[in-house]
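A, B, ... follow the sequence lines: proteins, then strands. Residue 1 opens every chain. Predicted, not measured: the structure shown is a model, and the values here were computed from it.
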2 protein chains.
Amino acid sequence: MGLTKTEEFTKTQNDLAAFAKALGHPARIAIVQFLIRTKSCMCGDIVDELPLSQSTVSQHLKELKKVGLIKGDIEGPSVCYCIDEKVWKRARKAIADLFASHNEPSNCC
Amino acid sequence: MGLTKTEEFTKTQNDLAAFAKALGHPARIAIVQFLIRTKSCMCGDIVDELPLSQSTVSQHLKELKKVGLIKGDIEGPSVCYCIDEKVWKRARKAIADLFASHNEPSNCC
DNA sequence: TTTTTTTATCGTAAAATTGCGATTATAAAA
DNA sequence: TTTTATAATCGCAATTTTACGATAAAAAAA
């Protein structure tokens, strides 16, 4: 199949999974780290930073944009990418909540 | 290709991505939530809880086990699954650190 | 010992992911 | 207007993921 049964799960579960999936590739982690680290965030700078071709980087950017973690503003011929504060915070809380919900140590295993 | 260029990224980036990837599917989020919520954690209970076949659930469990987020103890004919405290905390910190590293709001876009 | 219960693995199919080069689109610059 | 620079998209190939039924494996129960 290769098709996730999205409709069988809750919105929370799907949202959480979508954020996690978007961060589930080293290149996308690297992109996000770079965007956090640098002031400028031109697409070209990201391409230079990563050991991947321009088209591949563009695809990774597209996936991060899809879940909203980053956004891109067109500036002349180039594009300025950066973290989307609002979504970033939402993702942060969603993931933090998941991890926080496990307080007490397991009573088995 | 379909092959991630793992060797081109840092261990931190690969580890983070591996944790995120493991949580990047609603079924695996549901599994983890179930393990947190319940006292018992028999594999069969998880299969009953999820809208997926036994073999598919087994595969998802395998992927969570692969990154260490959960572990399974054989108990007679069945298996008791639970969160692996140590790895869970490592993952929690790694992901929290990433999100925390973005303090100041972006100065562009 | 044979049966039953439980879980993992195998085989298969469809779809998604990863990656790249080539092309296209857009806007600034000449 | 033509050229240049930047980034997105297309087309392609290899691999991985998702999912399932069927089969194996392992241990308890009969």
Taking the minimum atom-to-atom distance to the side chain of [X], which one of [options] wins?
{"X": "A:P77", "options": "C:dA27, C:dC20, C:dG19", "value": "C:dA27"}
{"X": "A:H60", "options": "C:dG19, C:dA27, D:dT16", "value": "C:dG19"}
{"X": "B:K5", "options": "D:dG21, D:dA8, C:dG19", "value": "C:dG19"}
{"X": "A:E63", "options": "C:dA27, D:dA7, C:dT18", "value": "C:dT18"}
{"X": "A:Q54", "options": "C:dT18, C:dA22, C:dG19", "value": "C:dA22"}
{"X": "A:Y81", "options": "D:dA8, D:dT18, C:dT7", "value": "D:dA8"}
{"X": "A:M42", "options": "C:dC20, D:dA7, C:dT18", "value": "D:dA7"}
{"X": "B:S78", "options": "C:dT6, C:dA27, C:dG19", "value": "C:dT6"}

Within this structure, what is the [atom1]-to-[atom2] distance between [X] and [N], rounded to whole angstrom?
{"X": "B:L50", "N": "C:dT7", "atom1": "CG", "atom2": "C1'", "answer": "15 Å"}
{"X": "A:K66", "N": "C:dA16", "atom1": "NZ", "atom2": "C1'", "answer": "10 Å"}
{"X": "A:H25", "N": "D:dT16", "atom1": "NE2", "atom2": "C1'", "answer": "11 Å"}
{"X": "B:K62", "N": "C:dT6", "atom1": "NZ", "atom2": "C1'", "answer": "17 Å"}
{"X": "A:K21", "N": "C:dT18", "atom1": "NZ", "atom2": "C1'", "answer": "12 Å"}
{"X": "B:D48", "N": "C:dT5", "atom1": "CG", "atom2": "P", "answer": "14 Å"}

Next on the checklist: Could you tell me if A:E63 and A:H25 have a donor-acceptor pair between their side chains, going purely by distance under 3.5 Å?
Outcome noted: no
Checklist entry - Looking only at heavy atoms, which two atoms of A:V67 and A:F19 are closest? And how far apart? => result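 The pair with the smallest heavy-atom distance is O-CE2, 3.6 Å.
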Next on the checklist: If you assign A:S55 and A:F9 each to the DNA chain D nucleotide with the nearest heavy atom, which residue ends up on the more 5' nucleotide?
Outcome noted: A:S55
Item to check | B:L3 or B:T56, whichever maps to the more 5' nucleotide of DNA chain D | outcome: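 Nearest nucleotide further toward 5': that of B:L3.
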Next on the checklist: Regarding B:S58, tell me which of base, sugar-phosphate or nothing describes its non-hydrogen contacts under 4.0 Å with the strands shown.
Outcome noted: base
Next on the checklist: Regarding B:L52, tell me which of base, sugar-phosphate or nothing describes its non-hydrogen contacts under 4.0 Å with the strands shown.
Outcome noted: sugar-phosphate
Item to check | Electrostatic pair A:E49:A:R37 at N-O distance under 4.0 angstrom | outcome: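 Yes, charged N to carboxylate O under 4.0 Å.
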Checklist entry - Can you get from B:L50 to A:L3 by hopping between Ile, Leu, Val, Met, Phe, Trp and Tyr side chains that sit under 4.5 Å apart? => result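 They do not share one cluster, since no chain of ILVMFWY contacts under 4.5 Å joins B:L50 to A:L3.
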Checklist entry - Does A:P51 or A:G76 map to a spot on DNA chain C nearer the 5' end, using the closest nucleotide for each? => result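 So the residue in question is A:P51.
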Item to check | Donor/acceptor link under 3.5 angstrom from B:Q59 side chain onto base of C:dC10 | outcome: no
Next on the checklist: Quick one: does any side-chain atom of A:D73 pair with a main-chain N or O of A:C80 as donor and acceptor, under 3.5 Å?
Outcome noted: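 No.
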